[in-house]
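These numbers come from a predicted model, not from an experiment. Lettering follows sequence order; numbering is per chain, from 1.
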Number of protein chains: 2
Amino acid sequence: MLPFEFQHLPGKPVSEQLVFSVKKALAKGQLKPGDPFPSVRTLSREIRINPNTAQKALSQLTQAGILEITPGIGARVRHQTKLSAAETAAVLDEPMETLVIEAKRLGLTLDTLEARLRHFWKDLNR
Amino acid sequence: MLPFEFQHLPGKPVSEQLVFSVKKALAKGQLKPGDPFPSVRTLSREIRINPNTAQKALSQLTQAGILEITPGIGARVRHQTKLSAAETAAVLDEPMETLVIEAKRLGLTLDTLEARLRHFWKDLNR
DNA sequence: TTAGGTGTATTAGCATACGCAGTACACCAG
DNA sequence: CTGGTGTACTGCGTATGCTAATACACCTAA
């Protein structure tokens, strides 16, 4: 059994959806630092994807600082180090700006936007 | 002079960046309902893009309900009708979920996330 | 009516990205 | 040695995006 949920929605690259699934499991707490992570071949067998696609996702997750890889052994979820404000900004700023723009364009108020944001935040720990 | 700012950042499709530029101008108030919108040929000449690319962006903008097109005449910014909660949710839910997941994964608190959101909101009217 | 503007559609070429397949190598554990 | 691990490479087919060059139907103003 895989330590996260994965389902392939057409229209998006499989590797990206795999990366997103892991991030989601991490945010939910289903996946914690120190946990072992499935190998390339296990992933490709369980999810029915090509080994190269699994390898690609795994590579992106390592580069993002989420996984820790020991050659010949396997991968584990990395213990998060404290991130600087600049680092979080690099990840969050762009999607945050587009979200605000869309919301404002649609006529939403700041309050309703914040309310919806809190809803999603709490909904993640259900 | 175009009624919005456009700059081509490599890595993203040109047509999408054009669509985004228009949405941004709309959220900022630089572009208002009733305003005339440049033609396909004007856009392609000013921004130095292919007419087909301009046409593609214009088509997406009409389908999104942002532009109103009169064949043989031109395009105008459409007057926004009241949107249902389901309609705004269809646009905002997915990017909002990914934003919350990223933020939570990076160890942010709900308060800091909201603070940053308010900052972007107010920064849009500067 | 004519000339020039508008949106729209078609076909083609080219580059890139994605996913799939197969193969190979270096490493480590049992 | 055997079977697991990550990693790398080539090739193939497909889809997407941008560009290019036309062509058509429509409207407006001269």
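Checking B/Leu58 against A/Ser15, the closest nucleotide of DNA chain C that is more toward the 5' end is the one next to B/Leu58. Of the two residues near DNA chain D, A/Val40 and B/Val14, the one whose nearest nucleotide lies more 5' is A/Val40.
Listed pair A/Thr42 / D/dT5 meets the phosphate criterion, a side-chain N or O lying under 4.0 Å from OP1 or OP2. Close to C/dC20, at under 4.0 Å from its OP1 or OP2, lies a side-chain N or O of A/Thr53.
The CD-P distance, from B/Gln60 to D/dG17, rounds to 8 Å in whole Å. One interatomic measurement links the two molecules: CZ of A/Arg45 to P of D/dT5, which rounds to 7 Å at whole-angstrom precision. The interatomic distance linking A/Gln63 (CD) with D/dT7 (C1') rounds to 15 Å, in whole Å. What separates NE2 of B/His8 from C1' of D/dG17 is a distance of 11 Å, to the nearest Å. Atom CZ in A/Arg48 sits about 12 Å away from atom P in C/dA21, given to the nearest Å. Atom pair A/Gln55:CD and C/dG22:C1' shows a separation of 15 Å (rounding to whole Å applied). Between the CG atom of B/Leu67 and the P atom of C/dT6 there is a distance of 15 Å, rounded to whole Å. Counting to the nearest Å, the P atom of D/dC18 and the CG atom of B/Leu18 are 10 Å from each other.
The shortest distance between side-chain heavy atoms of B/Leu18 and B/Thr53 does not fall below 4.5 Å. Residues B/Phe120 and A/Ile101 have side chains not in contact (no heavy-atom distance under 4.5 Å, counting atoms from C-beta outward). By the 4.5 Å heavy-atom criterion applied to side chains, A/Lys32 and A/Val77 are not counted as neighbours. Two residues are said to be in side-chain contact when any heavy atoms from C-beta on lie closer than 4.5 Å; B/Thr98 and A/Lys23 fail this criterion. With a 4.5 Å cut-off on side-chain heavy atoms, B/Glu68 and B/Thr62 do not count as touching.
Comparing D/dT7, D/dG17, C/dC18 by their nearest atom to the side chain of B/Pro13 picks out D/dG17. Here D/dG6 is the nucleotide among C/dC18, C/dC20, D/dG6 with the atom lying nearest to any side-chain atom of A/Ser39.
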Please evaluate residues B/Arg118 and A/Glu114 with respect to the criterion salt bridge (charged side-chain N to carboxylate O under 4.0 Å, His left out), reporting the C-alpha separation (whole Å), side-chain torsions for both, the decisive distance (0.1 Å), and the verdict. CA-CA 9 Å; B/Arg118 279 191 294 273; A/Glu114 284 187 351; 2.7 Å; yes
Give each protein N/O atom lying under 3.5 Å from an N/O atom of nucleotides 21-30 of chain D, with the pair distance.
from: D/dA21; atom 1: N6; to: B/Asn52; atom 2: ND2; distance (Å): 3.3

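With respect to A/Glu5 and A/Lys24, no salt bridge is recorded, no charged nitrogen being found less than 4.0 Å from a carboxylate O.
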